[in-house]
Protein chains: 2
Amino acid sequence: MRRQRYSLSCRTAILGTVTLAAVVGTADGVAAQSLKDLQIPDTPLVLKAQGSFFIGGEKSEQTQGELGDLGPGGRITVNQMYVRYMVPQGGDGNVPVVMVHGATLTGKSWETTPDGRMGWDEYFVRKGHPVYVPDQVGRGRSGFNQAVFNDVRAGSVPPATLPRFLRFSDEVVWPNFRFGSKPGAPYQDTQFPVAAVDELSKQGVPDVSFGGVPNPNPTLKALSDLASQVNGAVLMGHSQSGPFPLAAALLNPAVAKGLVLVEPGGCPANYTDDQIKTLATLPILVVFGDHRDTPTGIGSRPSWQLSFESCQSLVERLKGAGGQAQMLSPSESGIRGNSHMIMQDKNALQIADLILRWIDERVSKPKAVK
Amino acid sequence: MRRQRYSLSCRTAILGTVTLAAVVGTADGVAAQSLKDLQIPDTPLVLKAQGSFFIGGEKSEQTQGELGDLGPGGRITVNQMYVRYMVPQGGDGNVPVVMVHGATLTGKSWETTPDGRMGWDEYFVRKGHPVYVPDQVGRGRSGFNQAVFNDVRAGSVPPATLPRFLRFSDEVVWPNFRFGSKPGAPYQDTQFPVAAVDELSKQGVPDVSFGGVPNPNPTLKALSDLASQVNGAVLMGHSQSGPFPLAAALLNPAVAKGLVLVEPGGCPANYTDDQIKTLATLPILVVFGDHRDTPTGIGSRPSWQLSFESCQSLVERLKGAGGQAQMLSPSESGIRGNSHMIMQDKNALQIADLILRWIDERVSKPKAVK
């Protein structure tokens, strides 16, 4: 497959006359837009199958008020996980890749980038892998359990009962996602398409997973069950979900064919020796971008370097137990300026290629698809 | 294109060994499952492009508490509309179809059916149309404005300030979506795959659009803008969003190439003569299933026959103004048992074919794709 390129004739044919929204002035003078910026690949995407389904979920008996007061009380399903998938034609025997998003985000993270380039979801499919993209339990198309919000509204439980809904402000995103020290001041070498940062802002949804989902987080079991249902998968997490592949693998190591931790918020330091022994049997890759030693803008999290070092420690411990875990830090081999949203960076496909090569070498090489 | 069929060899190859979740006993003895029930089409899906983007959205300045208390206050984007799209290879000149979901649901409504068959999204693509599937502002991947929930949590505004989150219980879904008079008692001729009703239950998400989104609903302008950006589209709504195509068309009639109202909650009776004159210039189709005269289980909405009749009145008024609006009620031509979730019914592709033929005849016939 050729890399996608900007193809004016295709875009015009598909999108016709576009309506320009207000043009946003940005650091490098490029307007951040949405539909008009979608880039069309040079070759078609040929899918054996695509669609969506759910993993898990349980029944919850709720009152009329808890259901929003339209009809009588009854049972609903909560804690299910939505999954969208694409299987390339000819690639159904290749190892699937599951891509899980981070805090305040949804599976959209892995789809078309904010500036309209191909997402990792499609790229990995074009490279031969079936790809499964969930929304974490507690947001997006997986939904959440709304009962407590309606209970507080009705006055039957106190307001302090509510879990918080988390969003990151644009002001926090710039330093925390390491685009630059503050809004509008990108690092000179940043790989994030900062002209489209307002499109990233639209990807944010209220995140109730810090207190508003059961403990342990149902997403972990759902990921393990998903890997099982597809007969083994590479589990890839990002940021908040960066360590999720480790937890899911411990639930059923046999179906965790490889773990890719992309910019994880941190790696656990408290695994038992037995857990380390289990994880040491699995191929594990930890990927971090650049500018890790800059302030995040969040007091409780001084820098991403601390996350990096916690993963380094885990990797060392796994190696000590005979494991094949490894760190991948492209900046150390001269690929500079990658951000926390590395799957959306301008060189995202270059980073994807590094991960794909690792999968080829450490998990299994996919049969080529056209 | 051939109709999809259950292909064991394909499924086994793709899905490998499946892990059976608890088997749910159902009316006809078939187990409702998820991944293992996915049906693979006989022919690949060839896409010129696929991906996702956003329409609209505006900045909202929020406090630290309103953002969930992790970082300092700042600006976020709210009221944006997420859209996923697929463009068939060779079909980029054909009229696009926008499919909008109903209350307590997301764009998932139009994807793989609860029992694993092809959704209308893919079917319309295979029939040559670019397809755009949004999540309404206020849920799913479009998110909502969480500020008031965190304000109530902090005690700075009273609990009664909260908008309600709506969900439909399984007990309400059976009569209201017209699968049967009560759970487990399907109509003898029901077309809904009732063995998979628990999979439909998983499609429910908390719906804040009854009080928790701005008025007018930003989804209406976003639909109009989407139709404009793709240079004209057929707008299709369902249930709550059934009348949305009418409202979106009135914002910019030139880009509303056709309106399809699928099982709308009702049709407005208060249009001005000028509005009727505008709508009379557009091809409009209103689609309703069977068993409309049965109780819904919701006190304030006695039956769907009332919705049907409100649309009949509008259609008559439009015809009186020279319009070409029409009702489509398959039960009157012998296709019995269709439910409110007609796009998921067992004969969903038969119903789709009726709509596609109407598009061919009244809007424009798509160039065939392979």
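The chains referred to below are lettered A, B, ... by the order of the sequence lines, with proteins before strands, and numbering in each begins at 1.
No more than 12 heavy atoms of other residues, nucleotides or ligands shown are found within 6.0 angstrom of NZ on K182(A). Other residues, nucleotides and ligands contribute at most 12 non-hydrogen atoms within 6.0 Å of the NZ atom of K367(A).
Ranked by non-hydrogen atom pairs under 4.5 Å with chain A, the options R167(B), E122(B), Q80(B) are led by R167(B). The residue among L166(B), I298(B), T113(B) with the most heavy atom pairs within less than 4.5 Å of chain A is L166(B). Chain B forms more heavy-atom pairs under 4.5 Å with one residue of P158(A), S60(A), G68(A), G155(A) than with any other, namely G68(A). Counting heavy-atom pairs under 4.5 Å between each of G232(B), G143(B), G74(B) and chain A puts G74(B) at the top. Contact tally against chain A (heavy-atom pairs below 4.5 Å) for G297(B), S300(B), P44(B): the top residue is P44(B). Taking G51(B), P206(B), G91(B), P72(B) one by one and counting their heavy-atom pairs under 4.5 Å with chain A, the maximum is reached by P206(B). Note: E111(A) leads E111(A), E66(A), E61(A) in heavy-atom pairs under 4.5 Å with chain B. Chain B forms more heavy-atom pairs under 4.5 Å with one residue of N79(A), L105(A), T106(A), N150(A) than with any other, namely N150(A).
Contact between V205(A) and R141(B) at its shortest, heavy atoms only, is CG1-O, 3.8 Å. Nearest heavy-atom pair, E171(B) versus R75(A), reported as atom, atom and distance to 0.1 Å: OE1-N, 2.8 Å. Counting all heavy atoms, side chain and backbone alike, I40(B) lies closest to A49(A) at CD1-CB, 3.8 Å. In terms of heavy atoms, R164(B) sits closest to D69(A) at NH1-C, 4.1 Å. Closest approach of F53(A) to K108(B), counting heavy atoms only: N-NZ, 4.0 Å. Minimum heavy-atom separation, L67(B) to S169(A): CD1-CB, 3.7 Å.
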Determine, step by step, whether Y85(A) and L38(B) satisfy the side-chain contact (heavy atoms from CB on, under 4.5 Å) criterion, reporting the C-alpha distance in whole Å, the side-chain angles of both residues, the deciding distance to 0.1 Å, and the verdict. CA-CA 11 Å; Y85(A) 74 101; L38(B) 298 179; 3.6 Å; yes
Yes or no on side-chain contact (heavy atoms from CB on, under 4.5 Å) for L45(B) and M86(A), after CA distance, side-chain angles and deciding distance? CA-CA 10 Å; L45(B) 176 66; M86(A) 293 189 282; over 6 Å; no
Stepwise side-chain contact (heavy atoms from CB on, under 4.5 Å) check, Q146(A) with V208(B): CA-CA 10 Å; Q146(A) 84 301 330; V208(B) 80; over 6 Å; no
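Heavy atoms of P163(A) lying under 4.5 Å from chain B belong exclusively to its backbone. Neither the backbone nor the side chain of P130(A) comes within less than 4.5 Å of any heavy atom of chain B. Neither the backbone nor the side chain of D207(A) has a heavy atom closer than 4.5 Å to any heavy atom of chain B. Looking at V172(B), only its side chain comes within 4.5 Å of chain A, counting heavy atoms on both sides. For chain B, the nearby parts of Q203(A) are the backbone and the side chain; heavy atoms of each come within less than 4.5 Å. Contacts between N94(B) and chain A at a heavy-atom distance below 4.5 Å are absent for every atom of the residue. For a residue to count as touching a neighbouring chain, one of its non-hydrogen atoms must lie under 4.5 Å from one of that chain's; by this rule S142(B) touches chain A with the backbone only. Interface remark: S201(B) contributes backbone and side-chain atoms alike to the contact with chain A (heavy atom separation under 4.5 Å). Contact of D170(A) with chain B is made through backbone and side chain together, with heavy-atom distances under 4.5 Å. Residue F168(A) touches chain B through both its backbone and its side chain, counting heavy-atom pairs closer than 4.5 Å. Interface remark: Q62(A) contributes no atoms to any contact with chain B (heavy atom separation under 4.5 Å). Contact annotation for M81(A): neither backbone nor side-chain heavy atoms come within less than 4.5 Å of a heavy atom of chain B.
R301(B) has its side chain out of reach of L70(A): every pair of non-hydrogen atoms, C-beta onward, lies at least 4.5 Å apart. Side-chain contact between V46(B) and Q89(A) is absent, with no heavy atoms from C-beta onward closer than 4.5 Å. Between D121(A) and Q50(B), the closest side-chain pair of non-hydrogen atoms falls below 4.5 Å.
Paired with K202(B) under the rule side chain to side chain contact (heavy atoms under 4.5 Å, CB included), one option of V78(A), T77(A), I55(A), I76(A) passes, and it is T77(A).
For the atom pair T112(A) OG1 and F54(B) CZ, the distance stands at 10.0 Å (nearest 0.5 Å). Here CZ of R84(B) is found 4.5 Å from CZ of R84(A). Values are rounded to the nearest 0.5 Å.
In this structure, the side chain of R153(B) engages the main chain of L162(A) through a donor-acceptor pair within 3.5 Å.
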